[in-house]
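Accompanying notes for the structure given below.
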Number of protein chains: 2
Amino acid sequence: MGLPPRTVERLIKYRRLLESYKEAESMFIFSHQLAHMLNLTPVQVRRDLMLIGLSGNHRKGYKVTSLLKLIDKLIDHEDGFNVAVVGLGNLGSAVLRFIQRSNSQMKVVAAFDIDQTKINDASHGIPCYNVSKISYFIQKMKIDIIILTSSSVTAQEVANEVISAGVTGIMNFTSAHLDVPDRIYLKNYDIITSLEEIGYFIKNPLQGKS
Amino acid sequence: MGLPPRTVERLIKYRRLLESYKEAESMFIFSHQLAHMLNLTPVQVRRDLMLIGLSGNHRKGYKVTSLLKLIDKLIDHEDGFNVAVVGLGNLGSAVLRFIQRSNSQMKVVAAFDIDQTKINDASHGIPCYNVSKISYFIQKMKIDIIILTSSSVTAQEVANEVISAGVTGIMNFTSAHLDVPDRIYLKNYDIITSLEEIGYFIKNPLQGKS
DNA sequence: TAGATTGTTAATCGATTAACAATC
DNA sequence: TAGATTGTTAATCGATTAACAATC
């Protein structure tokens, strides 16, 4: 279909919000209600819903269950997504646990590290393999998305390897700039860079948001 | 001065990259070299440098030390930024350690939690206070930026409190949508939402990047 | 001078917002 | 019908890119 990235972002937010309201709230919702809850404009909401082909009722607004069903169909994958974490340090293992606790379609199926003590660590309920065997396990376990929390030094190397093994989605927590082909979806998630950005904008207010 | 957000992002990347090259590389760098290393276009680089008022040499390019000095002046705060983490769970404590290990201007000066066992935990080398006293400590310790890794349920409440205590920068790791005044710089860093976004784009390729 | 680069304006592109017709 | 809402096109805004003059 080809939805704009910002629309995809918002659809995910609509879903998260409405899932918790699903039972309690009325079955229908107006664009301005949804907009108000997420600090958006009603037009933005209507445009997004138009783009995914959902039509509302002029009297009652949009049917919540139809909206949720449609978003699920667009965003979710039938068998969920298989995720692996590379680098089982503090951050890697925290992110791993965080995903496991969430009730999303994201399944962490493996971790990788170079440290032998971590490789034997099964405390997360999933196996941790030696990163040298990453290509093999990506194919065997049909891993879709890699979360990089390894050292910045090896990040590009790991990225190259997982890409040639078939991974097309990477979430990069390292501060390394990764050079990847266009077809790969790369999300940079560098905490320090983001904090420095916040630093600039609190020093020089009146500017853009996240 | 008022730099565009994207320019600020890139300036931070230029700095990170050049800091490691500072000694080894020649003192001057061409826009196309910098661009190539970060998958940007030379024009983008030149435009950014123009915006910060750095002029280059037609023969040699830009002087690396001048560039770094200028970026430092724009991005850094004279005394660094004081950061506090709210919620010392796995994620909070991992993020805390991650920042401590980085060599940035960001100083984590305190943590906050509701759990009494964590409040006594000094294993991070910084005090952890009861979140009920957060306003007091924000003012006392001159905290500039709050990192929210607490439960989504209390996130808005905590945000309101830290904002009225004077904080103007928030990095939100929770999945809660936060409603904050315009003058507050809010960076949403919700891992699950981002993974779901990656999921959509690897299912439907040919689209936007991070 | 010829060639490579910087510096900057104009055109383009994507996303948001304004405006408003259509509908219940 | 009057009023509120949806649906959609046109205008605007911010950021990138194309184009090119100026310079060493």
Side-chain angles (χ1 to χ4, degrees), chain A residues 1-14 25-64 66-67 70 182 185 188 197 200-201 204-210, chain B residues 1-14 25-64 66-67 70 182 185 188 197 200-201 204-210:
Chain A
M1 193 190 246
L3 296 170
R6 301 297 166 85
T7 295
V8 173
E9 251 177 78
R10 284 190 296 265
L11 289 173
I12 293 169
K13 286 179 185 168
Y14 301 154
E25 290 297 296
S26 63
M27 296 233 297
F28 285 80
I29 193 165
F30 293 120
S31 59
H32 65 260
Q33 295 178 300
L34 205 39
H36 181 75
M37 292 190 281
L38 292 168
N39 291 115
L40 303 170
T41 66
V43 200
Q44 253 174 330
V45 173
R46 290 205 297 278
R47 209 168 199 296
D48 288 340
L49 302 190
M50 185 194 88
L51 287 173
I52 63 172
L54 181 72
S55 49
N57 180 302
H58 289 238
R59 275 282 163 74
K60 301 188 279 179
Y62 299 90
K63 193 172 184 185
V64 174
S66 314
L67 174 51
L70 202 46
D182 273 353
Y185 189 82
N188 287 306
E197 231 178 292
Y200 175 82
F201 286 110
N204 309 68
L206 289 169
Q207 294 272 43
K209 291 267 184 132
S210 121
Chain B
M1 194 193 244
L3 296 170
R6 301 297 165 85
T7 294
V8 173
E9 250 177 79
R10 284 190 296 265
L11 289 173
I12 292 168
K13 286 178 185 169
Y14 301 154
E25 290 297 296
S26 63
M27 295 232 297
F28 285 79
I29 193 167
F30 292 121
S31 59
H32 65 262
Q33 295 178 300
L34 205 40
H36 181 75
M37 291 190 284
L38 292 168
N39 290 113
L40 304 169
T41 66
V43 200
Q44 252 173 330
V45 173
R46 289 204 298 276
R47 208 169 200 295
D48 288 340
L49 302 192
M50 185 193 88
L51 288 172
I52 64 173
L54 180 70
S55 50
N57 180 303
H58 290 238
R59 275 283 165 75
K60 300 189 278 180
Y62 300 89
K63 193 173 185 185
V64 173
S66 315
L67 174 52
L70 201 47
D182 273 352
Y185 188 83
N188 287 306
E197 232 179 292
Y200 174 81
F201 287 110
N204 309 67
L206 288 170
Q207 294 271 43
K209 290 270 183 123
S210 121

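Just so we're on the same page: letters track the sequence lines, and every chain starts at 1.
- Rounded to whole Å, atom P of C/dT16 lies 14 Å from atom CG of A/L38.
- Taking 4.0 angstrom as the limit, A/R10 places a side-chain polar atom (N or O) nearer than this to OP1 or OP2 of C/dT16.
- In this structure, A/L40 places its CG atom 13 Å from C1' of C/dA15, rounding to the nearest Å.
- Within the structure, every side-chain polar atom (N or O) of B/Q44 is placed at least 4.0 Å from both OP1 and OP2 of D/dA15.
- With D/dT6, D/dT8, C/dT5 as the choices, the nucleotide that has an atom nearest any side-chain atom of A/M50 turns out to be D/dT8.
- Partner B/L11 forms a side-chain contact (heavy atoms from CB on, under 4.5 Å) with one of B/L3, B/L51, B/L70 and no other, that one being B/L3.
- Across all strands shown, the partner of C/dT6 is D/dA21, judged by Watson-Crick or G-U wobble contacts whose two distances both fall under 3.5 Å.
- Interatomic distance, A/K60 NZ to A/M27 CE, rounded to the nearest 0.5 Å: 7.5 Å.
- Counting to the nearest Å, the C1' atom of D/dT12 and the CZ atom of A/R47 are 13 Å from each other.
- Base pairing analysis places C/dA15 opposite D/dT12; the two distances defining the Watson-Crick or G-U wobble pair are each below 3.5 Å.
- With values rounded to the nearest 0.5 angstrom, B/R47 atom CZ is found 14.0 Å from B/L40 atom CG.
- Atoms CG (A/L3) and P (C/dT16) sit 13 Å apart, rounded to a whole Å.
- Toward the 5' end of DNA chain C, the nearer of the two residues B/S31 and A/H58, judged by each one's closest nucleotide, is B/S31.
- Of the two residues near DNA chain C, A/R6 and B/R46, the one whose nearest nucleotide lies more 5' is B/R46.
- Mapping A/R59 and A/L49 onto DNA chain D via the closest heavy atom, the residue that lands nearer the 5' end is A/R59.
- Residue B/H36 contributes atom NE2, which lies 18 Å from atom C1' of C/dT5 at whole-angstrom precision.
- Here CD of A/Q44 is found 10.5 Å from CG of A/N39. Values are rounded to the nearest 0.5 Å.
- The CG atom of B/N39 sits 12 Å away from the P atom of D/dT17 (whole-angstrom rounding).
- Rounded to whole angstrom, the span from the CG atom of A/L51 across to the P atom of D/dT9 amounts to 11 Å.
- Going from atom CZ of B/F28 over to atom P of C/dT5 covers 15 Å, rounded to whole Å.
- Among the nucleotides C/dA15, D/dT8, D/dA15, the one closest to any side-chain atom of B/P4 is D/dA15.
- Note: B/L54 CG to B/L49 CG = 5.5 Å, rounded to the nearest 0.5 Å.
- Residue-level contact check: B/S55 touches the backbone only, with heavy atoms under 4.0 Å from sugar-phosphate atoms and none from bases.
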